[in-house]
Number of protein chains: 2
Amino acid sequence: MTTERTGSPSLIDVARAAEVSTATAGRALGGYGQVSERARERVLRAAAELGYRTNSLARSMITGSTHTIGVIVTDVANPFFAMALRGITDVAHPAGFEVLLVNTGRNVEAEQRAVTVMSEKRVDGIIVAAARPSRGRHLKQTIDAGVPVVLLDREVSGVSEADTVTIDNEHAAGEATRHLLELGHRRIGLVTEAGDEFDRLRRPGNRRKGLLPSALRLRGYLRALEDAGLPVEESLVATARYDRESAYEAAGRLLALPEPPSAVLCTDNVLASGAYRAVQDSGLRIPEEISVVGFDDEPWTTLVRPALTVVEQPDYELGLRAGRQLLHRLDGGSGSAKPQSVRLRATLVVRDSTACRR
Amino acid sequence: MTTERTGSPSLIDVARAAEVSTATAGRALGGYGQVSERARERVLRAAAELGYRTNSLARSMITGSTHTIGVIVTDVANPFFAMALRGITDVAHPAGFEVLLVNTGRNVEAEQRAVTVMSEKRVDGIIVAAARPSRGRHLKQTIDAGVPVVLLDREVSGVSEADTVTIDNEHAAGEATRHLLELGHRRIGLVTEAGDEFDRLRRPGNRRKGLLPSALRLRGYLRALEDAGLPVEESLVATARYDRESAYEAAGRLLALPEPPSAVLCTDNVLASGAYRAVQDSGLRIPEEISVVGFDDEPWTTLVRPALTVVEQPDYELGLRAGRQLLHRLDGGSGSAKPQSVRLRATLVVRDSTACRR
DNA sequence: CTGAAAGCGCTTACAG
DNA sequence: CTGAAAGCGCTTACAG
């Protein structure tokens, strides 16, 4: 079988079939300019008969807009980002924008490549959850090249011209810690992936830029203890890599301490599931013998027994707001307006895994 | 502040600055054709100084490839699709392809629009988890227009020229049902969203096309009962909308039956979490008084007590294979080769929520 | 309302 | 190895 026509029909083919100029055909098909009813009908019919599809590439080259936004996350499979991503698509699609997605796997080089490629593909703007908030040169360059950037979930150092939509991580972790303090706990363990930032974070300073959410949560925990006049003990901060198994081990180390904590706070949903498992396996009763607090309000946290007390992050809304922020900026009105900064509140949801220290 | 230069520099600007032709500049920057070392250096330097970014739109218009694949799913926030999506990006990115993502929210019209837009944006191919497998005209048209399509997770009627990557849903549900039968259960409840297909599925026939996974699982359940010589009772098939609350109610209805089932099978992770909750709230002891089987091996299924017996779907691999399939086809070699069909096996993971009927 | 012509920013034969 | 010219498929002033 050989096909007669090689490529798909172009506007020229349609114009020829409809016996009008390409300008008129383009106007009828693209819905811009003035076209008589009669011409429009003929063009539309011809287009349908030929199976014409507009070539958006050509159009975008002229109009300067692709109606595409780039979205860069570290891991789409993480429910937190999956939800944020849905928030983004839920606002982008109705507005006529598509989403060009890149998953960096927390690799900065991948992020740099993504930003370059997206910029070359002429996306109208980029929403990015930076892999390493301390590395922002590529983002700064992107903005300088005229591509609006919205920072999602992480503020990046050296990138002051971007809108930001984040969650108040330090406050959230502080709330969780205070909740445990109020229940009488004095030795509160932390399972975190930001343990190596311990020394840096103990020093005074409130800069948020350049720090990962996990680091900010660690700081929230540290400050809450300090504010309560309690000593901060480094052995109570257990560092884990970002996976369930590592969190399981980290929690295990806390429980094996000569003087183990009476409560454990986990700064993320992945770490929480690993740590919860470790506590379960230890045989300690929750909350009678040990209290546990997780992060992210996922369905499973109400399915386990006892149900988990958690810090609930507005993940979907985070994406929604980031999407709106970007579309707003693309709308022209605020094109060069000064950067907006939105910080959403997380809320502590107290359930059955926390109780007074016995 | 006003900017001097309006747009970003083009190849012409670079060529001028490097004192070469645009052809040479293009060759040096694009990495094609022959360029002398000397010319290349000058071009690269000029490009760097000017902050030049290739315009991929122009390039794609000529080369005919955007190095972009479209991915259409019904819900990115569903862990199943989030994982499959990661499988896709994990194979696409290293191969130099980006992903244009659309979330249809199970709406066919949204899917039709997505396919049109993607086609107009000249994606190189599309991977789609069809919202309604019985509706495939738009997909057929897309293929006819020359855009390769890979069907993910659902085979669509009227679309025979597409590669497909699916999971053997009927077999999987059959396995789960047989597991319960072997444990002595005779009244096995099903929580499904395909309940309205009950009559149709009871009739003989093995067509897979046009059916949602949930329908195929319902059929697997029905056939397993028939094969065991057991009567199929419609009241044991509880229909739920696709959300936790509805599944909770559906499971509740089963438990409230005059003669309630001694085991419950849920055909999906969302339904399973709702149903598990309902069983918990009923006060019935799992597995002593009732056995429960879920679908999708998510982390929470090992966190609940008793740990849930589940049918584990290879979600990540599903995406991986779909991505590979598409890239393979784009590679030219198999351009017009006949459609490939891959059907992956799901595996039953027996844990503590199933036991012999007492 | 309509069309001829220019042009968006590249790549690709083609000739040298 | 290099460059002048054509052309990918559209949209946009501009003149009528």
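Each chain gets a letter, A, B and so on, in the order its sequence line appears, and its residues count up from 1. Just so you know, these numbers come straight off a predicted model, no measurement behind them.
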Passing candidate, side chain to side chain contact (heavy atoms under 4.5 Å, CB included) with A:V14, options A:L44, A:T22, A:V43: A:V43
Please report, rounded to the nearest Å, how far the C1' atom of D:dG9 is from the NZ atom of B:K121. 17 Å
Whole angstrom value for the distance that separates P of D:dG3 from CD of B:E19: 11 Å
To the nearest angstrom, how far is A:I12 atom CD1 from C:dA4 atom P? 12 Å
My validator wants the stems of DNA chain D: runs of 3 or more consecutive Watson-Crick or G-U pairs, both distances under 3.5 Å, written as range with range. C:1-3 with D:14-16, C:5-12 with D:5-12, C:14-16 with D:1-3
Evaluate the side-chain proximity of B:F97 to B:T66: yes if any heavy-atom separation is below 4.5 Å, no if none is. no
Nearest whole angstrom, please: distance from the C1' of D:dT2 to the CZ of B:R38. 12 Å
Round to the nearest Å and state the distance from A:N55 atom CG to C:dC10 atom P. 16 Å
How does protein contact run along nucleotides 11-16 of chain D, one letter per nucleotide 5' to 3', with B for base contact, S for sugar-phosphate only, - for none, heavy atoms under 4.0 Å? BBB---
Counting just side-chain N and O atoms, does A:S60 come under 4.0 Å of either OP1 or OP2 of D:dC10? no
How many Å lie between CE on A:M61 and P on D:dG7, as a whole number? 16 Å
Using a cut-off of strictly less than 4.0 Å, decide whether A:S21 has a side-chain nitrogen or oxygen near OP1 or OP2 of C:dT2. no
Rounded to whole angstrom units, what separation is found between the CD atom of A:E41 and the P atom of C:dC1? 14 Å
